[in-house]
**Q** 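Provided herewith is a single structure, encoded as structure tokens, for subsequent inquiry.
As the structure lists them, so they are numbered: ligands from 1, and atoms in each ligand from 1.
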Amino acid sequence: MTSRSTAQTLDAKDPLAKYRVEFMIVDQSLCYLDGNSLGRMPSETVNVVDRYLRSEWATKLVSGWADWIDEAQSVGDLIGRASLGAAAGQMLCVDTTSVNFYQLCSAAVDARSDRKTVITDTANFPTDRYILEGICRERDLKLVVIDDDDGEEFISPEMLAAVLNDDVALVSLSVIQYRSGVLHDVAKLTQLARDAGALFVWDASHAVGVVPMQYDRDKVDLAVGCTYKYGNSGPGSPAWLYVSHRVQRELNVPIQGWFAQNDQFAMAQGFDRTPGMRGFQIASPSIIGMRCVTTAFEMIERAGLSAIAQKAAQGTELMLALHDSWLAPLGFSVVTPRDSTRRGGHISVRHPDAQKISEAMRIFGNVIGDFRQPDCIRLAISPLPTSYVEVFDGFERIRDVVATKKYLEVGEATSRVT
Ligand SMILES: Cc1ncc(COP(=O)(O)O)c(C=O)c1O
């Protein structure tokens, strides 16, 4: 595994290798191992957006809305079909993950108003924890935060069962933990919560586009996620939300915007929510943003999630082998599970000088991963744009930056983004 020819052979046999040329790769010597944070840009996105600006916005002006008005639903359906195992009519592509999370979690606790407990975990993504704190404060609910910050940050069915009872309105976890990369058992945890009469909101931001999910089969009711990581749709691109047919009638989101109004253009007094997914939409969607999402998720649909997941498993396996040979002797350890069925596209490695090393990787090695508090560096393979050789070269450069102690030359961080 530690010879470059192994990585070259993997690339030669890779059925997804042909997708790399569909991305605009400006610096061929960069090892970009951060597609789990912000995906690379498909070249076609430039043409699609250019065509949209010239032939639609500039040309059709306001008349364009006749074509654009329901695009949040059709683009949502594409995301659901390509990556979530979700039949049409249960998705929207809108707003941000944070807004969608607030909307669905609020709706869920309001639909279980006789229950007063909400469950999440300490390792969950900060926006989820903060929003849940706010929702619980507003409604005087008890927030139970399972402490799983040590080790691999995994909530097992037994751990969830231990805190579930008939007072729990809502459970919310991430499908893949943002820091450690551990993958939860969506089907089992969802079923446990359902059996206890609670609703479950999943945050799939780190899983969408890299791990196959089967929401309809697994009876998931509610989920949110972004499109800018393995979704390759661009910084701040519109997020998505999933509401199963089963619970659509039962739930009401707190922001009652005009897009959810039954006869929207009657502009009448009084809110009258329309049935179906439009009833979960707040406002005018970003059409430019959705064109980026469409371009990227059409590529994901063409490539197929099972091939994508296989490459993620193989690529993270390569990373672990390189870690064991090169990085472990330099004081690194692995946080992410060794079993490839329990992770997605990124691994997380730990080192006491992780922050300096992460910075030094960019400055001296032209390799990008990212630092996460307190001592982790995340390194990802995004299966469509990343080659195995890119992973190999990246790890070789990390080894060299640490082995030569070059990273000790790094000064104060210049950006507040890590
Ligand atoms: C798991 C997870 N949830 C939510 C968010 C927040 O997304 P946004 O800032 O688009 O609302 C992120 C951002 O990286 C994330 O990783």
**Q** What protein heavy atom sits nearest atom 14 (O) of ligand 1, and how far off is it?
**A**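 Minimum-distance protein heavy atom for atom 14 (O) of ligand 1 reads Lys229 NZ, 3.0 Å.
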**Q** Name the residue from Asp121, Asp370, Asp149 that meets the salt bridge (Lys or Arg N to Asp or Glu O under 4.0 Å) definition with Arg179.
**A**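 Considering Asp121, Asp370, Asp149, a salt bridge (Lys or Arg N to Asp or Glu O under 4.0 Å) with Arg179 is found only for Asp149.
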**Q** How far is atom 16 (O) of ligand 1 from the closest protein heavy atom, and which atom is that?
**A**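 Checked against all protein heavy atoms, atom 16 (O) of ligand 1 sits closest to His206 NE2, 3.0 Å.
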**Q** If I compare all heavy atoms of Ile287 with all of Glu71, which pair ends up nearest, and what's the gap?
**A**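 Reported closest heavy-atom pair: CG2-OE2, 4.1 Å.
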**Q** For atom 7 (O) of ligand 1, grab the closest protein heavy atom and report residue, atom and distance to one decimal in Å.
**A**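 The closest one turns out to be Tyr228 OH, 3.1 Å.
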**Q** Under 4.0 Å, heavy-atom basis, I'd like to know which part of Asp128 is in contact with ligand 1: side chain, backbone, both or neither.
**A**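 Side chain only.
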**Q** Purely on distance, is any nitrogen or oxygen of Ser98 under 3.5 Å from one on ligand 1?
**A**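 By distance alone, the answer is yes.
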**Q** Look only at the side chain of Gln90 and the backbone of Tyr242, and say whether a donor-acceptor pair between them is shorter than 3.5 Å.
**A**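 The answer is no, because no donor-acceptor pair under 3.5 Å joins these two groups.
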**Q** Within a distance under 4.0 Å of any heavy atom of Thr96, pick out the atoms of ligand 1 and give their elements.
**A**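 This gives 11 (O) as the contact atoms.
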**Q** Would you check if the distance from the ring center of Trp258 to the ring center of Phe265 is below 6.0 Å?
**A**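 When the ring centroids of Trp258 and Phe265 are compared, they turn out to be within the sub-6.0 Å range.
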**Q** Quick check: does any side chain N or O of Ser233 sit under 3.5 Å from a backbone N or O of Thr227, one acting as donor and the other as acceptor?
**A**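 Yes, the answer is positive, given that a donor and an acceptor are paired below the 3.5 Å cut-off.
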**Q** Quick test: of every protein heavy atom, which one is nearest to atom 5 (C) of ligand 1, and how far off is it to 0.1 Å?
**A**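 For atom 5 (C) of ligand 1, the nearest protein heavy atom is Phe125 CE2, 3.4 Å.
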**Q** Is there any N or O on Asp203 that sits under 3.5 Å from an N or O of ligand 1?
**A**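 Yes, since at least one N or O of Asp203 sits under 3.5 Å from an N or O of ligand 1.
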**Q** Describe, in one word, how the ring planes of His206 and Phe125 are oriented to each other, choosing from parallel (under 30°), tilted (30 to 60°) and perpendicular (over 60°).
**A**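 Correct class here is tilted.
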**Q** Is there a ring pair (Phe, Tyr, Trp, His ring centres under 6.0 Å) between Tyr228 and Trp240? Walk through the geometry before answering.
**A** CA-CA 11 Å; Tyr228 47 70; Trp240 53 268; over 10 Å; no
**Q** With backbone taken as N, CA, C and O and side chain as the heavy atoms from C-beta onward, which portion of Thr97 lies under 4.0 Å from ligand 1: side chain, backbone, both, or neither?
**A**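 The answer is both, backbone and side chain.
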